[in-house]
Amino acid sequence: MSVIVSDSNGNPAPNTVVTLNVWPVEFRIGYWVMNVDNEWVVAESAWYPNEDENKNLLNDDDEDLASNSNPKSGDDELTPAISSAGTVPGTIKTDENGVATFDLIYLKEYSRFIRTEITATALVYGSETTAKTDFVLSYMAGDEANLSSSPFNDDTK
């Protein structure tokens, strides 16, 4: 993946340190099935929000409540675990064109079952800017038949 950093005039911002963070925004349960076109697809449920609403990594009194519609609520664990979003380097530095590349590394068992948010923060000429993007974790084409059902399923279908 890449980030591009520029100043207020659109000029590249070389040698700029960019701080990266990832967060599992949502998760879902589901199963891989063969459709009528002989393609592997995910039969999935609705998306469920991360139970750690304030992102403090603690199971606060108003989180993980059994009364929530989330199928994992009430199990005394915050779902999904932060590691399900993957990992990125803490900081990266832009090149002479204001571009920096990095890898998002995640377990393929979370492919199609986690919506990850990446946040990039940079300081350019005294102004801090933050940009966010979110997407569903993908998988390598052709690997569909080798992927497991959602790790959040309650059974072993």
Side-chain angles (χ1 to χ4, degrees), residues 1-30 32 40-42 44-65 68-73 75-144 146-153:
M1 304 184 95
S2 299
V3 295
I4 301 173
V5 181
S6 60
D7 64 19
S8 60
N9 292 321
N11 299 313
N15 299 314
T16 300
V17 174
V18 179
T19 303
L20 298 173
N21 291 293
V22 293
W23 184 256
V25 178
E26 296 177 309
F27 72 97
R28 64 179 164 189
I29 58 175
W32 287 94
W40 285 100
V41 295
V42 174
E44 69 256 343
S45 69
W47 284 100
Y48 300 100
N50 189 318
E51 292 178 327
D52 192 359
E53 295 173 11
N54 59 9
K55 298 183 179 182
N56 69 353
L57 306 179
L58 299 173
N59 192 352
D60 299 317
D61 290 339
D62 60 342
E63 297 172 336
D64 188 44
L65 300 176
N68 292 343
S69 63
N70 173 342
K72 301 303 279 186
S73 291
D75 62 0
D76 293 325
E77 293 180 16
L78 292 174
T79 306
I82 190 170
S83 59
S84 65
T87 62
V88 293
T91 60
I92 53 177
K93 189 179 252 187
T94 61
D95 63 15
E96 65 276 1
N97 298 311
V99 177
T101 60
F102 64 95
D103 291 326
L104 167 64
I105 300 171
Y106 56 92
L107 298 175
K108 70 179 178 180
E109 73 181 75
Y110 295 114
S111 300
R112 302 285 303 148
F113 300 111
I114 287 286
R115 180 178 304 280
T116 290
E117 176 182 80
I118 297 179
T119 303
T121 304
L123 185 65
V124 179
Y125 299 130
S127 294
E128 183 178 85
T129 301
T130 298
K132 296 180 181 186
T133 187
D134 71 86
F135 51 91
V136 176
L137 295 177
S138 61
Y139 55 90
M140 188 177 344
D143 210 15
E144 299 90 336
N146 301 316
L147 295 173
S148 60
S149 297
S150 172
F152 308 107
N153 290 353

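The nearest pair of heavy atoms linking D52 to L57 is OD2-N, 2.6 Å. Nearest heavy atom pair, residue S111 against residue S138, reads OG-O, 2.9 Å. When all heavy atoms are compared, the tightest approach of P80 to P24 is CG-CB, 3.6 Å. Shown here for S148 and E109, the closest heavy-atom pair between the two residues is OG-CB, 3.9 Å. For the pair A120 and V18, the tightest heavy-atom approach, listed with the atom from each and the gap, is CB-CG1, 3.8 Å.
Atom CZ of F135 sits about 5.0 Å away from atom CG of L104, to the nearest 0.5 Å. Atom CD1 in I114 sits 3.5 Å away from atom OG in S84 (nearest 0.5 Å). Separating the CG atom in D60 from the CD atom in E53 is a distance of 9.0 Å, to the nearest 0.5 Å. Rounding to the nearest 0.5 angstrom, the gap separating the CG atom in L147 from the CZ atom in F113 is 8.0 Å. The OH atom of Y106 sits 11.5 Å away from the OG1 atom of T87 when rounded to the nearest 0.5 Å. One distance of note links CG of N59 with CG of L78; it measures 4.5 Å at 0.5 Å rounding.
Classification of the Y48-F27 ring pair by plane angle, with boundaries at 30° and 60°, yields tilted.
Looking at D103, its side chain never comes within 3.5 Å of a backbone N or O of I105 through a donor-acceptor pair. Remark: side-chain polar atoms of N56 are paired, donor with acceptor, to backbone N or O of L58 under 3.5 angstrom. E51 places a side-chain N or O within 3.5 Å of a backbone atom of T79 that can act as its donor or acceptor partner. The backbone N or O of D64 sits nowhere less than 3.5 Å from a side-chain atom of S73 that would complete a donor-acceptor pair.
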Kindly indicate, with the supporting measurements, whether the criterion side chain to side chain contact (heavy atoms under 4.5 Å, CB included) is fulfilled by L123 and T16. CA-CA 7 Å; L123 185 65; T16 300; 6.0 Å; no
Could you go through V136 and R112, starting from their C-alpha distance and side-chain angles, then the distance that decides it, and tell me whether this counts as side chain to side chain contact (heavy atoms under 4.5 Å, CB included)? CA-CA 6 Å; V136 176; R112 302 285 303 148; 4.1 Å; yes
Report the C-alpha distance between R28 and S150 in whole Å, list the side-chain angles of each, state the deciding distance to 0.1 Å, and finish with yes or no for side chain to side chain contact (heavy atoms under 4.5 Å, CB included). CA-CA 7 Å; R28 64 179 164 189; S150 172; 5.9 Å; no
Could you go step by step and tell me if N15 and K93 meet the side chain to side chain contact (heavy atoms under 4.5 Å, CB included) rule? CA-CA 6 Å; N15 299 314; K93 189 179 252 187; 4.2 Å; yes
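Taking the side chain as every heavy atom from C-beta outward, L20 and I92 approach each other to under 4.5 Å. Y110 has its side chain within reach of F152: a pair of non-hydrogen atoms, C-beta onward, lies under 4.5 Å apart. In this structure, I118 and V22 have side chains that are in contact, with non-hydrogen atoms separated by less than 4.5 Å. Side chains of K72 and I29 form no contact here, defined as non-hydrogen atoms less than 4.5 Å apart. Counting heavy atoms from C-beta on, the side chains of S2 and T101 come closer than 4.5 Å. At a threshold of 4.5 Å between non-hydrogen side-chain atoms, the residues V25 and W47 do not count as touching. Residues V41 and W32 are not in side-chain contact: their nearest non-hydrogen atoms beyond the backbone lie 4.5 Å or more apart.
Inspection of the E128 and T121 side chains reveals no N or O donor paired with an N or O acceptor under 3.5 Å.
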